[in-house]
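Report on the following structure.
Only a predicted model underlies this, so the values are computations on that prediction, with no experimental measurement involved.
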Amino acid sequence: MNWGVFEGLLSGVNKYSTAFGRVWLSLVFIFRLLVYLVAAERVWSDDHKDFDCNTRQPGCTNVCFDHFFPVSHIRLWALQLILVTCPSLLVLMHVAYREAKEQRLREIQGDNYHCIYPNPGKKRGGLWWTYLLSLIFKAIVDVVFLYIFFRFYRNYTLPRVVKCELPPCPNVVDCFISRPTEKNIFTLFMVVTTCVCVVLNLVEATYLIGKR
């Protein structure tokens with residue numbers, strides 16, 4: 001996954017964001033995307049290989065791992081980051097649409113041309129609604145993923161030892177998770193930064209409504 005493409009696209013959103021939006025973008029790139037790329041991926045790279053159960057029964061380890069890790073943290077975070085950044089691209093597309101419309105009218109009307117959008121990036125009319133809905137959507141996405149993580153991994157934590165008795169395991173077996181403390185620290189960090197991003201989105205939405 002080439003995350004540099006998202007970084008390049010979203011950097012242009014800064015021109016059309018409020019101060020809260022710029023803080024949100026900085027938080028996403030520095031404390032979520034960079035932490036994900038630099039550290040989190042490596043921490044979870046060995047989660048299946050080093051998931052060890054005290055049995056040699058064929059298939060037992062795989063079944064237990066699938067039960068306790070239905071979806072990898074890394075894949076969920078990747079999907080979350082993609083969904084939470086896409087609404088910002090809609091703002092860029094809306095501004096680009098305004099600029100293209102201005103250019104087209106300028107070519108058609110010539111000397112009789114009257115400017116429709118003196119400042120295409122100014123949040124008025126449809127662009128205001130696009131920006132506001134993008135904030136609400138981003139907050140909803142983050143809240144939904146917080147709930148998903150809570151449902152899959154109770155209290156956002158991973159135990160050091162899990163007991164599994166699913167077939168084809170011969171009896172109750174103990175399975176050991178690789179680096180649970182380190183994974184819990186990163187999980188807590190990502191949960192906290194996600195909560196901060198939700199608060200920033202709600203504050204920015206309130207600011208836009210109040211300013212209007």
Side-chain angles (χ1 to χ4, degrees), residues 1-37 40 71 74-110 112-151 189-212:
M1 184 69 180
N2 186 6
W3 291 102
V5 175
F6 284 93
E7 183 177 1
L9 289 173
L10 291 179
S11 60
V13 180
N14 265 329
K15 297 186 296 183
Y16 314 115
S17 299
T18 65
F20 298 108
R22 295 186 182 96
V23 174
W24 179 87
L25 279 173
S26 301
L27 192 64
V28 168
F29 282 125
I30 297 175
F31 293 101
R32 292 176 69 176
L33 184 57
L34 289 182
V35 169
Y36 173 88
L37 293 174
V71 183
I74 291 300
R75 292 178 179 86
L76 278 176
W77 280 330
L79 181 60
Q80 181 181 7
L81 287 171
I82 291 172
L83 292 178
V84 86
T85 52
C86 282
S88 297
L89 301 181
L90 293 178
V91 176
L92 286 180
M93 293 172 61
H94 198 145
V95 175
Y97 166 77
R98 283 185 167 188
E99 293 175 345
K101 186 176 181 179
E102 285 283 349
Q103 181 64 27
R104 186 169 62 253
L105 290 176
R106 188 180 296 110
E107 294 173 355
I108 294 175
Q109 297 179 2
N112 297 323
Y113 167 72
H114 296 286
C115 183
I116 300 177
Y117 305 112
N119 184 0
K122 193 171 183 62
K123 290 181 284 295
R124 287 184 177 177
L127 184 59
W128 186 88
W129 283 104
T130 300
Y131 195 91
L132 180 63
L133 292 177
S134 72
L135 295 176
I136 296 173
F137 182 81
K138 288 186 289 189
I140 292 174
V141 167
D142 276 336
V143 170
V144 168
F145 273 89
L146 285 174
Y147 175 76
I148 291 174
F149 272 104
F150 182 81
R151 292 289 297 177
F189 179 84
M190 295 297 277
V191 168
V192 170
T193 53
T194 300
C195 291
V196 174
C197 286
V198 171
V199 172
L200 283 174
N201 285 325
L202 296 178
V203 169
E204 187 176 11
T206 304
Y207 169 77
L208 281 179
I209 295 173
K211 186 177 179 181
R212 177 159 181 158

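Shortest non-hydrogen contact noted between L132 and A205 is CD1-CB, 3.8 Å. Looking at every heavy atom in both residues, V35 comes nearest to F189 through CG2-CE2, 3.7 Å. In plain terms, the two heavy atoms of G21 and Y131 that are nearest each other are CA-OH, 4.1 Å.
A distance of 12.0 Å separates CZ in F20 from CG in L202, rounded to the nearest 0.5 Å. Interatomic distance, F29 CZ to L34 CG, rounded to the nearest 0.5 Å: 9.0 Å. From M190, atom CE reaches atom CG of L76 across 11.0 Å, with rounding to the nearest 0.5 Å. Once rounded to the nearest 0.5 Å, the distance linking OG1 of T18 with CG of L200 reads 9.5 Å. For the atom pair CH2 of W128 and CG of L133, the computed distance is 8.5 Å after rounding to the nearest 0.5 Å. L27 contributes atom CG, which lies 11.5 Å from atom CG of L33 (distance to the nearest 0.5 angstrom).
Within the 4.5 Å cutoff, side-chain heavy atoms of W24 are placed close to those of N201.
In this structure, T193 has no side chain to side chain donor-acceptor pair (under 3.5 Å) partners at least two apart in sequence or on a different chain.
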Under 3.5 Å, which donor-acceptor pairs link side chains of residues 137-145 to any protein atom two or more places apart or in another chain?
| residue | atom | partner | partner atom | Å |
| --- | --- | --- | --- | --- |
| K138 | NZ | S88 | OG | 3.4 |
| D142 | OD1 | R32 | NH2 | 3.1 |
| D142 | OD1 | Q80 | NE2 | 2.9 |
| D142 | OD2 | R32 | NH1 | 3.4 |

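Screening residues 197-207 for salt bridge (Lys or Arg N to Asp or Glu O under 4.0 Å), with sequence neighbours left out, gives no hits.
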